[in-house]
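Here's the structure we're looking at; comments come further down.
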There are 2 protein chains.
Amino acid sequence: MALQESGEMYLETIYVLSQQKAAVRSVDVADYMNFSKPSVSRAMGLLRDEGLLKKDTGNDLKLTEAGEILAKRIYERHTVLTTLFINLGVDEETAAEDACRIEHYISDKTFDAVKRHMMKCNK
Amino acid sequence: MALQESGEMYLETIYVLSQQKAAVRSVDVADYMNFSKPSVSRAMGLLRDEGLLKKDTGNDLKLTEAGEILAKRIYERHTVLTTLFINLGVDEETAAEDACRIEHYISDKTFDAVKRHMMKCNK
DNA sequence: TATTATATTTAGCCTATGCTAACATGTCAA
DNA sequence: TTGACATGTTAGCATAGGCTAAATATAATA
């Protein structure tokens with residue numbers, strides 16, 4: 001079944017953390033998201049079941065190719081929407097918070113339209 | 001506690017239907033939202049508990065003042081966001097679908113910025 | 001190596017919010 | 001007035017996704 005906001009947030013977090021440190025562990029995700037370790041543990045199991053997270057390696061969390069594609073997709077929405085809102089005059093913190101929720105609910109079509117619009121304005 | 005997406009959708013639906021017909025009943029809401037009658041029945045009880053729906057009158061659903069303020073707030077987000085997306089080149093159906101989800105997640109600050117931007121562009 | 005500290009998992013609770021099945025209450029027409 | 005259809009409610013199930021407490025694993029240090 002399609003990923004919900006929750007799953008997308010976990011993927012995005014693993015992706016972001018993996019760009020900051022060599023190895024990402026469950027506890028890092030828990031700290032970053034302010035969730036309990038059991039919540040993260042279960043979520044990681046679900047992502048594994050969905051084939052978005054690798055099963056093998058010790059305890060390090062590694063996205064599969066499919067997982068990384070999805071994570072990047074969400075993360076792009078995050079950065080583009082944040083920039084958009086800042087361009088509209090919203091303060092950085094609010095812009096990021098809104099982007100972080102909306103990124104899960106905007107369709108491809110609408111997101112593409114938003115991106116095109118931003119390109120045009122930045123020419 | 002703050003209203004979730006679900007509660008906001010019920011309020012908005014009651015508001016929209018009340019502009020189309022004299023009396024709105026649970027079954028009208030169920031038909032409109034494609035939800036079962038028990039789901040609507042329970043949701044109406046919760047809205048009443050929250051003071052957003054009047055308790056008295058027979059079976060007609062009437063928003064309280066607080067409920068109407070919230071409903072209008074969401075509905076405005078719906079219409080403004082839909083128009084925004086259409087202006088960006090998104091087809092009407094997709095624009096409305098996206099607006100219908102995003103309306104629950106956009107902050108006041110960001111929504112106001114979006115509105116200001118649209119005013120400017122329509123001058 | 002043995003002990004302690006850190007990570008992870010298991011078990012099970014809770015809330016929100018959809019559902020069906022079954023029951024209750026109208027309301028209206030024969 | 002009564003039977004039938006519409007409407008509403010009660011009871012209880014399911015899923016998603018947080019949580020704590022407690023048990024395991026794993027790692028690091030005395």
What is the ring orientation for A/H117 with B/H117, classed by angle as parallel under 30°, tilted 30 to 60°, or perpendicular over 60°? perpendicular
Between A/R77 and A/F111, is NZ or CZ placed under 6.0 angstrom from the six-membered ring centre and within 45° of the ring axis? yes
Got a sec? Which of residues 25-43 of chain A come in under 4.0 Å of DNA chain C, heavy atoms? A/R25, A/S26, A/V27, A/K37, A/P38, A/S41
Look at atom CD of B/E93 and say whether more than 12 heavy atoms of other residues, nucleotides or ligands are closer to it than 6.0 Å. no
Of B/R48 and A/Q4, the one whose closest nucleotide on DNA chain D sits nearer the 5' end is B/R48
Mind checking whether B/V80 and B/I86 sit in one hydrophobic cluster, side chains of I, L, V, M, F, W, Y counted as touching below 4.5 Å? no
Using a 3.5 Å distance criterion without hydrogens, assess whether the side chain of A/D98 forms a donor-acceptor pair with backbone atoms of B/S107. yes
Exceeds 12 heavy-atom contacts within 6.0 angstrom, atom CD of A/Q19: yes
Just do the salt bridge (charged side-chain N to carboxylate O under 4.0 Å, His left out) check on B/K72 and B/E68 with the steps written out, would you? CA-CA 6 Å; B/K72 280 181 176 163; B/E68 183 149 336; 3.4 Å; yes
Check the hydrophobic clustering (I, L, V, M, F, W, Y; side-chain heavy atoms under 4.5 Å; chains of links allowed) and say if B/L81 and B/I74 are grouped together. no
Taking the side chain from B/D112 and the backbone from B/K109, do they hold a donor-acceptor pair closer than 3.5 Å? no
In whole angstrom, give the distance that lies between atom CG of A/L47 and atom C1' of D/dG17. 12 Å
Kindly work out whether a path of hydrophobic side-chain contacts (I/L/V/M/F/W/Y, heavy atoms less than 4.5 Å apart) joins B/M9 to B/Y75. yes
Distance in angstrom units between A/L46 CG and D/dA16 C1', rounded: 9 Å
When you list every nucleotide of DNA chain C with an atom under 4.0 Å from a heavy atom of chain A, which one comes first 5' to 3', and which comes last? C/dA7 to C/dT10
Identify, residue by residue, the members of residues 15-24 of chain B with a heavy atom below 4.0 Å from DNA chain C, and return them in order of residue number, or none. none
Just how far, in rounded Å, is P of D/dT9 from CG of B/N59? 6 Å
If you count heavy atoms of other groups shown closer than 6.0 angstrom to CD of B/Q20, is the number above 12? yes
Quick one: side chains of residues 29-52 of chain A, donor-acceptor pairs under 3.5 Å with protein atoms, not counting sequence neighbours, listed by atom name and distance.
from  : atom 1 : to    : atom 2 : distance (Å)
A/S36 : OG     : A/S39 : N      : 3.3
A/S36 : OG     : A/S39 : OG     : 2.9

Please give me every residue in residues 5-13 of chain B whose heavy atoms get under 4.0 Å of an atom in DNA chain C, ordered by residue number. B/S6, B/Y10
Applying salt bridge (charged side-chain N to carboxylate O under 4.0 Å, His left out) to A/E5 and not counting sequence neighbours gives none
